[in-house]
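Lettering follows sequence order; numbering is per chain, from 1. Everything numeric in this text was worked out from a predicted model, so none of it was measured. Keep in mind that the numbers below use all heavy atoms, side chains included, and drop hydrogens, waters and symmetry copies.
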Number of protein chains: 2
Amino acid sequence: MNISTRGRYAIRALIEIAEKGEKSVLTVKKICESQDISTTYLEHLMVKLKKSGIIGSHRGTKGGFFLKMKPEEITLFDIITSVEGPVFLSKCLKTSDKIDCKFSKDCYLRGIYSRLSRAVEDIFKQVTLEQILGEKNGRG
Amino acid sequence: MNISTRGRYAIRALIEIAEKGEKSVLTVKKICESQDISTTYLEHLMVKLKKSGIIGSHRGTKGGFFLKMKPEEITLFDIITSVEGPVFLSKCLKTSDKIDCKFSKDCYLRGIYSRLSRAVEDIFKQVTLEQILGEKNGRG
DNA sequence: CGGATATATGACTTATTTACTCATAATTAT
DNA sequence: ATAATTATGAGTAAATAAGTCATATATCCG
């Protein structure tokens with residue numbers, strides 16, 4: 001029940017990119033220098049953020065990553081699910097998983113888990129990258 | 001970001017106990033027979049539920065576990081934190097952990113994580129064992 | 001063109017957590 | 001006493017998270 005390093009690194013990386021400016025690019029190397037995290041690891045996370053359409057990239061010299069969506073459109077939900085996969089509050093909700101208990105056919109708990117899951121998702125959807133940037137700057 | 005088997009088993013076990021009746025006891029063995037889960041594993045979870053005051057126990061023949069709180073007083077938050085530990089949405093909030101990043105001293109993200117964490121907690125606090133029992137019985 | 005700089009991709013490794021099992025002690029009813 | 005039950009802690013196996021390594025591919029610039 002937590003945000004792993006994948007999610008937290010992704011948030012920090014996006015903040016860096018957003019702060020750099022609207023159309024400028026930022027290399028993984030530079031992000032990792034200021035954030036003090038592993039470059040090879042963040043590279044993998046960046047690919048996932050790209051696949052979900054949050055960022056774009058340019059290769060080669062003067063290349064790097066840039067925001068493809070506006071900070072006010074990027075939610076914490078988008079960021080975290082991009083790098084950590086879908087938020088399933090319970091494995092029971094994951095249809096791809098083998099059904100692992102004898103009640104799975106018609107389980108009353110599934111409805112409860114489902115509602116809880118949506119409620120948690122909503123919380124993360126209500127926080128945008130723009131708000132996080134605001135929080136960062138609006139302090140002593 | 002999910003409820004593990006610890007939490008799910010605990011919920012099921014408490015439902016069984018609650019359904020048995022107010023002052024009757026139920027053995028781990030019987031719970032596991034009807035729920036089809038490992039007895040030795042559930043025993044450990046029961047100890048945790050006991051430590052948090054949700055259930056009580058009697059040893060020996062005719063012993064077993066019983067509800068110590070009323071179903072309407074037991075929340076999903078109580079159950080899950082009992083067996084899975086406190087809900088820290090981010091390790092950053094966990095003061096017992098070694099501070100693992102260079103920003104930890106004065107981090108603007110901590111406030112955000114903290115608010116999110118409380119919001120998620122509230123969701124789990126709003127669901128009681130009584131409601132779950134109602135959901136179970138109020139269906140075809 | 002050719003070298004430098006970046007991202008892209010996937011296999012591999014290590015650490016941590018989860019989900020158990022096993023053994024044994026302590027308590028209680030009959 | 002004995003059988004049934006909880007109590008406790010050590011140990012193990014599987015899954016997930018976290019991170020490394022190697023290499024391919026694209027782009028700019030001289």
Side-chain angles (χ1 to χ4, degrees), chain A residues 1-10 12-13 17 24-33 35-52 54-66 68 80 83-88 90-91 94 96-98 100-101, chain B residues 1-10 12-13 17 24-33 35-52 54-66 68 80 83-88 90-91 94 96-98 100-101:
Chain A
M1 185 81 64
N2 64 45
I3 304 171
S4 70
T5 60
R6 289 203 287 276
R8 282 182 276 130
Y9 287 179
R12 286 186 180 282
I17 295 172
S24 51
V25 299
L26 202 52
T27 66
V28 168
K29 202 181 170 190
K30 282 199 175 171
I31 295 171
C32 291
E33 272 168 12
Q35 292 292 339
D36 206 23
I37 58 186
S38 152
T39 56
T40 44
Y41 189 47
L42 185 60
E43 272 165 12
H44 287 66
L45 303 180
M46 298 308 274
V47 170
K48 291 185 173 183
L49 290 171
K50 190 188 170 185
K51 273 184 183 161
S52 64
I54 296 173
I55 57 175
S57 68
H58 290 310
R59 289 184 177 188
T61 326
K62 305 216 168 175
F65 292 94
F66 55 92
K68 218 170 165 184
I80 291 170
V83 296
E84 303 194 8
V87 178
F88 286 119
S90 165
K91 278 191 181 172
K94 214 171 175 177
S96 63
D97 265 22
K98 266 200 297 289
D100 66 341
C101 96
Chain B
M1 186 80 65
N2 65 45
I3 304 173
S4 70
T5 60
R6 289 203 288 276
R8 282 181 277 132
Y9 287 0
R12 286 185 180 282
I17 296 173
S24 51
V25 299
L26 202 52
T27 66
V28 168
K29 202 180 167 188
K30 283 198 174 173
I31 295 171
C32 291
E33 272 168 12
Q35 294 291 338
D36 206 24
I37 57 186
S38 151
T39 54
T40 44
Y41 188 47
L42 185 60
E43 273 165 12
H44 288 66
L45 303 181
M46 299 308 273
V47 170
K48 291 185 175 183
L49 290 171
K50 191 187 169 184
K51 273 184 183 162
S52 64
I54 295 173
I55 56 175
S57 69
H58 289 310
R59 289 185 177 186
T61 326
K62 304 215 169 178
F65 291 94
F66 56 91
K68 219 170 164 182
I80 291 169
V83 296
E84 301 194 10
V87 178
F88 286 117
S90 165
K91 278 192 180 172
K94 216 170 173 179
S96 63
D97 265 22
K98 264 200 298 288
D100 66 340
C101 96

**Q.** side-chain contact (heavy atoms from CB on, under 4.5 Å) assessment of A/Val25 paired with A/Phe66
**A.** CA-CA 5 Å; A/Val25 299; A/Phe66 55 92; 3.8 Å; yes

Kindly give the atom pairs (protein nitrogen or oxygen, nucleotide nitrogen or oxygen) under 3.5 Å for nucleotides 2-4 of chain C.
none

Q. Contact class for B/Thr40 (heavy atom, under 4.0 Å): base, sugar-phosphate, or nothing?
A. base

Specify the separation, in whole Å, of atom [atom1] of [X] and atom [atom2] of [N].
{"X": "A/Lys29", "N": "C/dA6", "atom1": "NZ", "atom2": "P", "result": "6 Å"}
{"X": "A/Arg6", "N": "D/dA18", "atom1": "CZ", "atom2": "C1'", "result": "8 Å"}
{"X": "A/Lys48", "N": "D/dA17", "atom1": "NZ", "atom2": "C1'", "result": "10 Å"}
{"X": "B/Phe66", "N": "D/dT6", "atom1": "CZ", "atom2": "P", "result": "12 Å"}
{"X": "B/Arg59", "N": "D/dA3", "atom1": "CZ", "atom2": "C1'", "result": "15 Å"}
{"X": "A/Phe65", "N": "D/dT27", "atom1": "CZ", "atom2": "P", "result": "14 Å"}
{"X": "B/Leu42", "N": "C/dA19", "atom1": "CG", "atom2": "P", "result": "13 Å"}
{"X": "A/Asn2", "N": "D/dT16", "atom1": "CG", "atom2": "C1'", "result": "12 Å"}

Minimum heavy-atom separation for [X] and [Y], please, with both atom names.
{"X": "A/Gly56", "Y": "A/Lys50", "result": "CA-CG, 4.4 Å"}
{"X": "A/Val28", "Y": "A/Phe65", "result": "CG2-CE1, 3.4 Å"}
{"X": "B/Leu45", "Y": "B/Val83", "result": "O-CG1, 3.9 Å"}
{"X": "B/Cys32", "Y": "B/Ser38", "result": "SG-O, 3.7 Å"}
{"X": "B/Thr5", "Y": "B/Tyr41", "result": "OG1-OH, 3.5 Å"}
{"X": "B/Ser90", "Y": "A/Asn2", "result": "N-CB, 4.3 Å"}

Look at the side-chain N and O atoms of [X] and state whether any lies under 4.0 Å from the OP1 or OP2 oxygen of [N].
{"X": "B/Lys50", "N": "D/dA7", "value": "yes"}
{"X": "A/Tyr9", "N": "D/dA18", "value": "no"}
{"X": "B/Lys62", "N": "C/dT28", "value": "no"}
{"X": "A/Ser38", "N": "D/dT20", "value": "yes"}
{"X": "B/Ser57", "N": "D/dA7", "value": "yes"}

Heteroatom pairs (N/O) under 3.5 angstrom, protein to nucleotides 11-15 of chain C:
none

Q. In terms of the nearest nucleotide of DNA chain D, which residue is placed more toward the 5' end: B/Gly63 or A/Tyr41?
A. B/Gly63

Q. Toward the 5' end of DNA chain D, which comes first, A/Ser4 or B/Met46, by nearest nucleotide?
A. B/Met46

Q | Upstream residue (5' side of DNA chain C) when B/Glu84 and A/Glu43 are each assigned their closest nucleotide | A | A/Glu43

Q) Does any non-hydrogen side-chain atom of A/Met46 lie less than 4.5 Å from one of A/Ser57? A) no

Q. Would you say the side chain of B/Ile37 lies within less than 4.5 Å of the side chain of B/Arg12, judging by non-hydrogen atoms?
A. no

Q.
So does A/Ser4 get a backbone contact from the side chain of A/Glu84, meaning a donor-acceptor N/O pair under 3.5 Å?
A. yes

